[in-house]
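As a basis for the values below, the full set of heavy atoms in this structure was taken, side chains included, without hydrogen atoms, waters or symmetry mates.
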Amino acid sequence: MTGDLRDVDRETAVTRLFGAHYAGLLRLAVLLGADDAEDIVAEAFCQLHRRWNRLRTAESALPYLRSVVCNLTRMRLRHLQVVRKHTDWSAETEASAESVAMLHDDQRALIEGLRRLSARQREALVLRYWLGLRESDIADAMGISAGAVKAHTSRGMAALTKILRERR
C-alpha cells in the first residue's frame, strides 16, 4: 500500500490491513495486559476506518494502529484500576483456559513478569523486543520522547531480569 490516500480505497485497504495485522495487534494488546484484547483491536480498526482520510500516507496506517492499541490498552487498564479501587473485591483478571494451556512454563513466567512491570515499561519492552520497533517508532506509538523510551526500556529490562531471577 503505497502512494496517495486518494488513490487507495479505504475499504480495501482496511480489509487488507486487518487480514495481515489483526493477529499481531491482538498479541500486542494481550502482552500489554489487556483483558479485552479483541475489543481493543476491533476499536483500533474502527478508528482507523473513521480517520482514514486524515492519514498522510497508507504506510502510516500500521503505526497508527499500534499507537491506538497502546493507548486504548493503557486507558482500559487505568479504568480497571479505578474500578478496583472503588469496589470491595479485587479479583485478578484470569486468563482463559485456552491461552494458559498454550503457554509453556517459561512463557508464563515471562508474561507474569511483564504484568508486574509498570504499564509504560511493559509497553516499551513489548514494542521493542516483540515487535522489534526502533526507539523513534516506539516513541510515536507511546506518545513520549525517545529518551523516555530508553529510560522505560532500561528500567523495564532491569526489573524483568530481577523478577525472573527471583522465580528461579
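Minimum interatomic distance between Gln47 and Leu72 (heavy atoms only, all atoms of both residues): NE2-CD2, 4.0 Å. The nearest pair of heavy atoms linking Arg122 to Gly33 is NE-N, 4.1 Å. Here the closest non-hydrogen pair linking Trp130 and Gly24 is CH2-O, 3.2 Å. Between Glu59 and Pro63, the closest heavy-atom pair is O-CD, 3.3 Å. The minimum heavy-atom distance between Ser145 and Ala139, with the atom names listed, is C-CB, 3.9 Å. Between Ala124 and His152, the shortest heavy-atom contact is CB-CB, 3.9 Å.
In this structure, the ring-ring contact (aromatic ring centres under 6.0 Å, His included) partners of Phe18, at least two apart in sequence or on a different chain, are Tyr22, Phe45. In this structure Asp140 satisfies the side chain to side chain donor-acceptor pair (under 3.5 Å) test with no other residue, sequence neighbours excluded.
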* Determine, stepwise, if the pair Leu77 / Leu32 fulfils side-chain contact (heavy atoms from CB on, under 4.5 Å). => CA-CA 9 Å; Leu77 292 173; Leu32 294 177; 5.7 Å; no

* To do: In sequence, state the C-alpha distance, the side-chain angles, and the governing distance for Leu114 and Leu117, and then conclude on side-chain contact (heavy atoms from CB on, under 4.5 Å).
  => CA-CA 5 Å; Leu114 284 169; Leu117 298 177; 4.0 Å; yes

* Asked: Under the side-chain contact (heavy atoms from CB on, under 4.5 Å) criterion, do Leu125 and Thr153 qualify, and how do the steps go?
  -> CA-CA 6 Å; Leu125 291 179; Thr153 303; 3.9 Å; yes

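Checked by atom type and distance alone, the side chain of Ser154 never pairs as donor or acceptor with a backbone atom of Lys150 at under 3.5 Å. Looking at Arg10, its side chain does come within 3.5 Å of a backbone N or O of His49 through a donor-acceptor pair. A donor-acceptor pair under 3.5 Å is formed between the side chain of Arg120 and the backbone N or O of Met142. Without hydrogens or angle criteria, Asp36 side chain to Asp39 main chain gives no donor-acceptor distance under 3.5 Å. A distance-only check finds no donor-acceptor pair linking the side chain of Asp137 to the backbone of Leu133 [under 3.5 Å]. Looking at Arg66, its side chain never comes within 3.5 Å of a backbone N or O of Ala141 through a donor-acceptor pair.
Taking CG of Leu28 as the reference point, atom NE2 of His21 lies at 12.5 Å (rounded to 0.5 Å). For the atom pair CG of Leu110 and CG of Leu164, the computed distance is 6.5 Å after rounding to the nearest 0.5 Å. Rounding to the nearest 0.5 Å places CD of Glu135 at 12.0 Å from CG of Leu127. For the atom pair CZ (Arg116) and CD1 (Ile163), the distance works out to 4.5 Å, reported to the nearest 0.5 Å. Expressed to the nearest 0.5 Å, how far CD of Glu11 lies from CH2 of Trp52 amounts to 10.5 Å.
Within a 6.0 Å radius of CZ in Arg134, no more than 12 heavy atoms belonging to other residues, nucleotides or ligands are found.
Tracing side-chain contacts under 4.5 Å through hydrophobic residues (I, L, V, M, F, W, Y), one reaches Met75 starting from Leu25; they form part of the same cluster. Under a hydrophobic clustering in which Ile, Leu, Val, Met, Phe, Trp and Tyr are joined whenever their side-chain heavy atoms come within less than 4.5 Å, directly or via other members, Leu62 and Val30 fall into different clusters.
Side-chain contact between Leu48 and Val68 is absent, with no heavy atoms from C-beta onward closer than 4.5 Å.
Ion pairing between Arg50 and Glu43 holds under the 4.0 Å rule for side-chain N and carboxylate O.
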